[in-house]
Peer 1: 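I'd like to ask some things about the structure below.
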Amino acid sequence: QVQLVESGGGLVQAGGSLRLSCAASGRTFSSYAMGWFRQVPGKEREFVGSTSWTGSITYYADSVKGRFTISRDNAKNTVYLQMNSLKPEDTAVYYCAKGKIRLASTTTSAFDSWGQGTQVTVSS
């Protein structure tokens, strides 16, 4: 069972940047896709970005494309989400997730382990 721990959330002004990190336990991290999702109260968890097991293929939600970048360091068992040009509508709890397979996906059903989440708040 992989354990995922997110960090790097916080309060930032609109237009600012944050970098989220997700540290994974276990020796199988490099064998699976990884993803980032976010959720606000009363809404379903939504896809943000994902990366394949090597990091060579990435997908992004249209709402973050061009502003967010997902990357991974398999030697450190860590996946990152660099968030630039943040907007108030990016405010949410952000979760990292481990994929069931090596290929990246955009749906929650393709991921089987989740972190506890980290709060990101963007003020206007």
Peer 1: Determine whether the aromatic ring centres of Phe37 and Phe111 lie less than 6.0 Å apart.
Peer 2: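 When the ring centroids of Phe37 and Phe111 are compared, they turn out to be within the sub-6.0 Å range.
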
Peer 1: Applying side chain to side chain contact (heavy atoms under 4.5 Å, CB included) between Leu18 and each of Leu86, Thr118, Leu11, report the one that passes.
Peer 2: Leu86

Peer 1: Are Tyr94 and Trp114 grouped together when hydrophobic residues (ILVMFWY) are joined by side-chain heavy atoms under 4.5 angstrom apart?
Peer 2: no

Peer 1: According to a 4.5 Å side-chain heavy-atom criterion applied to Ile, Leu, Val, Met, Phe, Trp and Tyr, with indirect links allowed, do Val12 and Leu20 form part of one hydrophobic cluster?
Peer 2: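 Linked, Val12 and Leu20 end up in one cluster.
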
Peer 1: Please report whether the ring centroid of Phe68 lies less than 6.0 Å from that of Trp36.
Peer 2: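 So the answer is no for these two rings.
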
Peer 1: Please report the C-alpha distance between Glu6 and Gln116 in whole Å, then the side-chain angles of each, then the deciding distance to 0.1 Å, and finally whether the side chain to side chain contact (heavy atoms under 4.5 Å, CB included) criterion is met.
Peer 2: CA-CA 7 Å; Glu6 302 98 335; Gln116 83 288 349; 2.9 Å; yes

Peer 1: Establish, from distance only, whether the side-chain atoms of Asn84 and Ser17 form a donor-acceptor pair under 3.5 Å.
Peer 2: yes

Peer 1: Tell me, which pairs form a disulfide bond (SG atoms under 2.5 Å apart) where one or both residues lie in residues 48-124, sequence neighbours left out?
Peer 2: Cys22-Cys96

Peer 1: Determine whether a donor-acceptor pair (N or O, by modelled atom type, separation under 3.5 Å) exists between the side chain of Gln119 and the backbone of Gly10.
Peer 2: no

Peer 1: Where do Val122 and Thr91 come nearest, in terms of heavy atoms and distance?
Peer 2: N-OG1, 2.9 Å

Peer 1: Honestly curious: do Tyr95 and Leu4 fall in one hydrophobic cluster under the side-chain, below-4.5 Å linking rule?
Peer 2: no

Peer 1: Calculate, to the nearest 0.5 Å, the distance between atoms CG and OG belonging to Asn77 and Ser30 respectively.
Peer 2: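 So the CG of Asn77 and the OG of Ser30 are separated by 7.0 Å.
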
Peer 1: Could you point out which residue of Thr78, Asn74, Leu81, Val79 forms a side chain to side chain contact (heavy atoms under 4.5 Å, CB included) with Met34?
Peer 2: Val79

Peer 1: State whether the number of non-hydrogen atoms from other residues, nucleotides or ligands found under 6.0 Å of Gln3 atom CD is greater than 12.
Peer 2: no

Peer 1: Would you say Lys43 has more than 12 foreign heavy atoms packed within less than 6.0 Å of its NZ?
Peer 2: no

Peer 1: How far does OG1 of Thr106 sit from OH of Tyr59, to the nearest 0.5 angstrom?
Peer 2: 8.5 Å

Peer 1: Give, for atom CZ of Arg38 and atom CD of Glu46, the distance between the pair rounded to the nearest 0.5 Å.
Peer 2: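 Taking CZ in Arg38 and CD in Glu46, the distance rounds to 4.5 Å.
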
Peer 1: Heavy atoms only: give me the nearest Phe29-Ala24 pair and the separation to one decimal.
Peer 2: CD1-CB, 3.4 Å

Peer 1: With a cut-off of under 6.0 Å to the ring centre and 45° to the axis, is Arg72 in cation-pi contact with Tyr80?
Peer 2: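 No, cation not above the ring by the 6.0 Å, 45° rule.
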
Peer 1: Can you pull the disulfide bond (SG atoms under 2.5 Å apart) pairs that have at least one residue in residues 30-85, sequence neighbours excluded?
Peer 2: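 Residue pairs passing disulfide bond (SG atoms under 2.5 Å apart), neighbours aside: none found.
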
Peer 1: Grab the two heavy atoms, one from Ser56 and one from Thr54, that are nearest each other, plus how far apart they are.
Peer 2: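 Smallest interatomic distance, heavy atoms only, reads OG-OG1, 2.9 Å.
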
Peer 1: Can you name the nearest heavy-atom pair linking Ile70 to Tyr60, along with the distance?
Peer 2: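 In this case the closest contact between Ile70 and Tyr60 is N-OH, 2.8 Å.
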
Peer 1: Could you list the residues that satisfy salt bridge (charged side-chain N to carboxylate O under 4.0 Å, His left out) with Arg45, not counting sequence neighbours?
Peer 2: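 Listed in chain order: nothing, the list is empty.
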
Peer 1: How about NZ on Lys100, more than 12 heavy atoms from neighbouring residues, nucleotides or ligands closer than 6.0 Å, or not?
Peer 2: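 For Lys100, atom NZ is crowded (more than 12 foreign heavy atoms under 6.0 Å).
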
Peer 1: Is Lys87 salt-bridged to Asp90, going by a charged N under 4.0 Å from an acidic O?
Peer 2: no

Peer 1: Roughly how far apart are Thr58 OG1 and Lys65 NZ, rounded to 0.5 Å?
Peer 2: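 The NZ atom of Lys65 is 9.5 Å from OG1 of Thr58, to the nearest 0.5 Å.
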
Peer 1: Closest approach of Leu103 and Ala33, non-hydrogen atoms and distance?
Peer 2: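 For Leu103 and Ala33, the tightest heavy-atom pair comes out as O-CB, 3.3 Å.
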
Peer 1: Counting only N and O atoms by type, is there a donor-acceptor contact under 3.5 Å from the side chain of Ser50 to the main-chain atoms of Ser105?
Peer 2: yes

Peer 1: If you take all heavy atoms of Gly99 and Tyr32, which pair is closest and at what distance?
Peer 2: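 Shortest heavy-atom contact: O-CD2, 3.3 Å.
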
